[in-house]
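In what follows, chains carry the letters A, B, and so on, assigned in the order in which the sequence lines appear, proteins first and then strands, with residues in each chain numbered from 1. Being a predicted model, the structure only gives us computed values, none of them experimental.
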Amino acid sequence: MAKDKKLVEAITSMEDDFAQWYTDVVKKAELIDYTSVKGCMVIKPAGYAIWENIQHELDRRFKETGVENVYLPLFIPESLLQKEKDHVEGFAPEVAWVTHGGLEPLQERLCVRPTSETLFCDFYAKDIQSHRDLPKVYNQWCSVVRWEKTTRPFLRSREFLWQEGHTAHATAEEAEERTIMMLNVYADFCEEVLAIPVVKGRKTDKEKFAGAEATYTIESLMHDGKALQSGTSHNFGDGFAKAFGIQYTDKENKLQYVHQTSWGMTTRMIGAIIMVHGDNSGLVLPPRIAPVQVMVIPIQQKKDGVLDKAYEVKDLLKKAGLSVKVDDSDKSPGWKFSEQEMRGIPVRIELGPKDIEAGHAVIVRRDTREKIIVPFEELETKVPEVLETMQKEMLERARAHRDAHTYTASSMEEFKKLADEKPGFIKAMWCGCQECEDALKEEAGVTSRCIPFEQEEISGTCVHCGKPAKHMVYWGKAY
RNA sequence: CGGAGUGUGGCUCAGCUUGGUAGAGCGCUACGUUCGGGACGUAGAGGUCGCAAGUUCAAAUCUUGUCACUCCGACCA
């Protein structure tokens, strides 16, 4: 990566204070504003447009696999939430309750959904009768509420936007297949659209979703070496079906329980984009997710013909399928450059009297700041090309960063030293018992991120207890 | 839920120790000059000092209470 030159004083440099840098970027890129309720934010147009693009891309991919969208209520009666024991224990500490309707106390309090498994189960119990009713492959786009103690924009807010898919299947095999299929949709989306490389794997029992038989996850690594759980897909087996009585009559006229899955991705991904790609000048958006891909910046725009040419370039690129804007505000060019960089707009086109006379424009890439002089007649082919190259190189750079911050430990001393000194993933063998998992948290401050599908044999024994190892596990400090 | 801190124009903060006319910078509005990496001039608008009670001739300032937020720990997409 090109050496970051800090051009704007208002953004703390990430080397000095990563957390402050993150907050500065979120504010300066005008993604959010704080509100009077802790952990609840206004998502401003620049932030919401990113979410809309995430929605469009994911929704399209979902529907290609047969997903249908639905909408279920915001409220869950307490009795419903309590039907599955592990589930309620997992979520009870962080739900918000509605106790009054108007001035009257409610007979039964209602929780604001922290997730909608129980509502879907209640619905499926009524809606599913026969094997002919299966599978159900539903998804909803909504917001959920979890009363977090510590909050951060996008990464952990009390209300957040997400999609939650909930499916019901006739067989365990089919449910497992759907669970893995959706994990793959998430992984492809992250890599191809967000340019964020991920590790696919399974969560340990300690880290899995409350009520799930198995939780699969994609884990990504932020620029500061901390891990971020970026999407999860759960296989519930028939546990919820038994708790909620979701049964169907099979072809042999026998009653069977359904097998269920759920999977979700949230506005947290906007935080991931910031922390994977951002630099000391602000946000850097991958071209495929950027709401505005090209900003045309006219120079000496009051001179004859400059603005006209800028609009002409905009129209030309719009016809080529790009999202383009002209910054025709009366700020100075320097201001506009900084603004475009803070907002992470992938490419800007500088256009002044000198360029117009010479018959070309100056294209500048946000990520590398590389300047490319392009004759006007080549713009409509060259700009899309530059955007594609940038998209590809952003993924490669992120992957190189992740690989450079992935370490291997085969002894406890080595493990602790790495956890202390080298932010990143640590790969190490594990015996499979929770005592060792807890001990690694206690002694090294890390949690298990996942048991990756791609296993390696680092050694034969658990890094903590020395007993025979069952799995290679990715460990790390997580957001 | 523990520990620390902060509440004063839209934002960042000074003023509080030692009570006495509410301040600065940035931003905002209008006009003009500028324009290839956050330009400048002139004129202007904008604040019941988080809230409540108390002490006092007088409270942003002292006392008590209360609410909110931020940061650090334990819990979490």
Side-chain angles (χ1 to χ4, degrees), chain A residues 5-11 17 19-20 23-24 27-28 30 33-41 89-95 113-115 142-164 186 203 206-210 215 217-220 227-234 262-272 281-282 297-303 306-307 327-343 348-358 361-362 364 369 371 373 441-442 445 447 449 478-479:
Chain A
K5 208 168 65 177
K6 199 176 141 198
L7 297 171
V8 176
E9 285 305 320
I11 298 178
D17 183 345
Q20 189 59 48
T23 309
D24 287 350
K27 292 294 301 251
K28 294 297 277 189
E30 294 196 60
D33 209 340
Y34 292 99
T35 70
S36 43
V37 180
K38 177 187 165 79
C40 296
M41 58 197 181
E89 277 175 15
F91 282 101
E94 52 180 1
V95 293
R113 64 181 165 215
T115 179
C142 65
S143 73
V144 289
V145 169
R146 299 181 187 177
W147 215 253
E148 303 288 353
K149 309 239 156 98
T150 312
T151 59
R152 300 192 65 192
F154 296 119
L155 299 174
R156 179 156 298 109
S157 44
R158 284 185 173 167
E159 180 185 11
F160 58 89
L161 304 181
W162 77 346
Q163 57 68 218
E164 47 178 330
Y186 289 148
K203 284 287 188 190
K206 179 182 157 82
E207 297 284 331
K208 76 181 183 190
F209 181 82
T215 288
T217 177
I218 50 174
E219 296 288 322
S220 52
L228 189 79
Q229 179 174 311
S230 300
T232 47
S233 188
H234 316 289
S262 84
W263 23 275
M265 190 172 261
T266 78
T267 35
R268 173 180 256 198
M269 293 318 292
I270 298 173
S281 302
I297 300 181
I299 288 147
Q300 295 196 38
Q301 64 186 30
K302 284 188 184 150
K303 293 238 165 95
V306 173
L307 266 180
D327 188 346
D328 53 10
S329 68
D330 58 6
K331 301 282 189 192
S332 70
W335 179 284
K336 294 177 183 180
F337 297 160
S338 298
E339 196 70 9
Q340 169 257 331
E341 288 174 2
M342 284 190 294
R343 290 168 179 271
R348 75 163 174 264
I349 296 181
E350 300 178 7
L351 190 61
K354 285 186 241 166
D355 301 300
I356 294 171
E357 201 177 324
V362 181
V364 185
R369 290 210 176 76
K371 292 196 174 194
I373 294 173
K441 164 106 206 225
E442 182 71 24
T447 52
R449 302 321 310 153
Y479 275 101

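Across the C1' atoms, B/rG23 and B/rA14 are found 8 Å apart, a figure rounded to whole Å. Atom name C1', nucleotides B/rG10 and B/rG5: the rounded distance is 24 Å, in whole Å. Comparing B/rC49 with B/rU6, their C1' atoms sit 14 Å apart, to the nearest whole Å. Atom name P, nucleotides B/rU70 and B/rC28: the rounded distance is 27 Å, in whole Å. For the C1' atoms, the distance linking B/rU8 with B/rA4 amounts to 22 Å, nearest Å. Across B/rU63 and B/rU42, the matching P atoms stand 43 Å from one another, rounded to whole Å. Spacing between B/rA22 and B/rG50 at atom P, rounded to whole Å, works out to 15 Å. Distance check on atom C1': B/rA52 versus B/rC67 gives 10 Å, rounded to whole Å.
Ranking B/rA77, B/rG36, B/rG37 by closeness to the A/Lys354 side chain, first place goes to B/rG36. Taking every side-chain heavy atom of A/Ser338 into account, B/rG37 is the closest of B/rG37, B/rG36, B/rA77.
Contact annotation for A/Lys302: base contact, defined as any heavy-atom pair under 4.0 Å involving a base atom. When heavy atoms are screened at a 4.0 angstrom cut-off, A/Phe91 is found touching no nucleic acid atom at all. Contact annotation for A/Val362: base contact, defined as any heavy-atom pair under 4.0 Å involving a base atom. Nucleic acid contact class of A/Ile297 (heavy atoms, under 4.0 Å, all strands): none. Using a 4.0 Å heavy-atom criterion, one finds that A/Gly264 contacts no nucleic acid atom at all. Heavy atoms of A/Glu350 sit under 4.0 angstrom from at least one base atom. At the heavy-atom level, A/Asp355 lies under 4.0 Å from base atoms of the strands shown. Base engagement by A/Ser157 is indicated by at least one non-hydrogen atom pair under 4.0 Å involving a base atom.
Between the side chain of A/Gln300 and the base of B/rG36, no donor-acceptor pair of N or O atoms lies under 3.5 Å.
Using a 4.5 Å heavy-atom threshold, the side chains of A/Glu339 and A/Ser329 count as separate. Side-chain contact between A/Thr232 and A/Glu207 is absent, with no heavy-atom pair separated by less than 4.5 Å. Residues A/Arg268 and A/Trp162 are not in side-chain contact: their nearest non-hydrogen atoms beyond the backbone lie 4.5 Å or more apart. The side-chain heavy atoms of A/Asp33 and A/Lys27, taken from C-beta on, include a pair separated by under 4.5 Å. A 4.5 Å side-chain heavy-atom check between A/Gln229 and A/Glu219 finds at least one atom pair inside the cut-off.
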Query - Verdict with supporting geometry, A/Ser143 and A/Glu159, side-chain hydrogen bond (donor to acceptor under 3.5 Å, both in side chains) - result: CA-CA 6 Å; A/Ser143 73; A/Glu159 180 185 11; 2.8 Å; yes
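Atom CD1 in A/Ile356 sits roughly 14 Å away from atom C1' in B/rC35 (whole-Å rounding). Look at CZ on A/Arg369: it is 17 Å from P on B/rG36, rounded to the nearest Å. Between the CZ atom of A/Arg348 and the P atom of B/rG36 there is a distance of 12 Å, rounded to whole Å. B/rA77 atom C1' lies 5 Å from atom CZ of A/Arg268, rounded to whole Å. For the pair A/Lys28 NZ and B/rC26 P, the computed distance is 14 Å after rounding to whole Å. Between A/Trp263 atom CH2 and B/rA77 atom P the separation is 19 Å, expressed in whole Å. Atom NZ of A/Lys331 and atom C1' of B/rG27 are 9 Å apart (whole Å). Taking atom CZ on A/Arg343 and atom P on B/rG37, their separation rounds to 21 Å, with Å as the unit.
Here A/Phe160 lies parallel enough and close enough to stack on the base of B/rA77, with planes under 30° and ring centres under 5.5 Å apart.
Here A/Glu341 does not pair with A/Lys28 in a salt bridge; the nearest charged N to carboxylate O distance is not below 4.0 Å.
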Query raised in the report: Which parts of nucleotides 67-75 of chain B does protein reach within less than 4.0 Å, heavy atoms only, written one letter per nucleotide 5' to 3' as B for base, S for sugar-phosphate only and - for none?
Result: --SS---BS
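Relative to the ring axis of A/Phe337, A/Arg348 places its NZ or CZ within 45° and under 6.0 Å from the centre.
If you check B/rA60 for Watson-Crick or wobble pairing at under 3.5 angstrom, you find it has no partner at all. The pairing partner recorded for B/rC31 is B/rG41, the criterion being a Watson-Crick or G-U wobble arrangement whose two distances lie under 3.5 angstrom. The partner of B/rG19 cannot be assigned: no Watson-Crick or G-U wobble pair with both contacts below 3.5 Å exists in any strand. In this structure B/rC69 sits in a base pair with B/rG5, meeting the Watson-Crick or G-U test at under 3.5 Å. Partner assigned to B/rG25 is B/rC11, using Watson-Crick or G-U wobble distances below 3.5 angstrom.
For A/Arg449 and A/Thr447, the side-chain atoms include at least one donor-acceptor pair closer than 3.5 Å.
The environment of NZ in A/Lys206 is crowded: more than 12 heavy-atom neighbours from other residues, nucleotides or ligands sit within 6.0 Å.
Residue whose closest nucleotide on RNA chain B sits further toward the 5' end, between A/Glu159 and A/Pro333: A/Pro333.
Contact check, A/Ser332 against B/rC35: no side-chain N or O comes under 4.0 Å of OP1 or OP2.
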